[in-house]
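Both backbone and side-chain heavy atoms feed into the values below; hydrogens, waters and symmetry mates do not.
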Amino acid sequence: MKTVCIMCPVGCELTVEKVGSEIKVTGNSCVRGETYGKSELTNPMRMVTALIQTKKGVLPVKTTNLVPKNKIKDVLAEIEKVFVNSAKAGDVVIKNVCSLGVDVVVTGNYQI
């Protein structure tokens, strides 16, 4: 598999291969690239960012940790259901979203 590492601004072009029971990563210039490459092959994870509805428009939110890539649509579906009257940065708007052990929090200080 070929991918680009997103762990730092360098953006190394990685080649990730499973050789027997071992995963080999080449093209990385640091250990973070190796970790990322192995994760991408076995269990890709992402931070999710989105917008929630408020009385006066939308408010930015994000997950407090990475979620499995195959659960992003489920997380976004739950976020889409949220409506708040007011919130500030750090407020939890969904606790333990999709039972993943991750919360969804407000990322801005927009006061409604």
Side-chain angles (χ1 to χ4, degrees):
M1 163 179 98
K2 294 209 178 264
T3 189
V4 175
C5 181
I6 60 173
M7 297 306 290
C8 78
V10 174
C12 295
E13 294 182 24
L14 306 177
T15 301
V16 185
E17 300 173 296
K18 189 165 185 176
V19 180
S21 62
E22 190 177 340
I23 298 172
K24 295 209 178 237
V25 179
T26 56
N28 55 302
S29 59
C30 71
V31 71
R32 290 182 293 172
E34 182 178 3
T35 302
Y36 175 77
K38 287 179 178 180
S39 173
E40 277 300 285
L41 187 65
T42 59
N43 185 27
M45 304 280 279
R46 297 290 186 273
M47 188 70 73
V48 177
T49 61
L51 299 171
I52 58 171
Q53 294 293 320
T54 71
K55 270 186 166 178
K56 293 185 179 182
V58 293
L59 192 61
V61 296
K62 70 172 188 126
T63 54
T64 55
N65 209 336
L66 301 172
V67 300
K69 192 174 175 183
N70 66 350
K71 295 290 185 184
I72 291 174
K73 285 183 183 181
D74 297 335
V75 170
L76 288 172
E78 291 302 309
I79 291 172
E80 187 177 9
K81 297 174 187 176
V82 174
F83 180 89
V84 297
N85 289 321
S86 65
K88 64 185 181 312
D91 285 355
V92 176
V93 292
I94 305 175
K95 184 115 178 109
N96 194 21
V97 65
C98 298
S99 300
L100 294 171
V102 174
D103 298 335
V104 176
V105 298
V106 175
T107 60
N109 283 323
Y110 178 60
Q111 296 289 330
I112 304 169

Considering non-hydrogen atoms only, spot the tightest contact between [X] and [Y] and give its length.
X	Y	result
Met45	Glu40	N-OE2, 4.3 Å
Cys12	Ser29	SG-OG, 3.2 Å
Asn96	Gly101	OD1-N, 2.5 Å
Gln53	Val58	NE2-CG1, 3.8 Å
Gly11	Val4	O-CG1, 3.6 Å
Pro60	Leu51	CA-CD2, 3.7 Å

Once you round to the nearest 0.5 Å, how far does [atom1] of [X] lie from [atom2] of [Y]?
X	Y	atom1	atom2	answer
Glu34	Thr26	CD	OG1	10.5 Å
Thr54	Phe83	OG1	CZ	6.5 Å
Ile79	Asp74	CD1	CG	11.0 Å

Any donor-acceptor pair under 3.5 Å linking the side chain of [X] with the backbone of [Y]?
X	Y	result
Thr42	Lys38	yes
Thr63	Leu66	no
Thr64	Asp103	yes

Is there a side-chain contact between Lys62 and Val104 (heavy atoms, below 4.5 Å)?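 Answer no - side chains too far apart.
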Are Asp91 and Ser86 packed together at the side-chain level, in the sense that at least one heavy-atom pair is separated by less than 4.5 angstrom?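 No; the side chains remain at least 4.5 Å from each other.
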hydrophobic_cluster_shared for [Y] and [X], side chain cutoff 4.5 Å:
X	Y	result
Ile72	Met47	no
Ile6	Leu14	yes
Val82	Leu100	yes
Val105	Val84	no
Tyr36	Met1	yes

Between Glu78 and Cys98, is a side-chain contact (heavy atoms from CB on, under 4.5 Å) present by the stated rule, with each step listed? CA-CA 8 Å; Glu78 291 302 309; Cys98 298; 3.8 Å; yes
Tell me the salt bridge (Lys or Arg N to Asp or Glu O under 4.0 Å) pairs involving residues 2-17, sequence neighbours left out?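 Listed by first then second residue: nothing to list.
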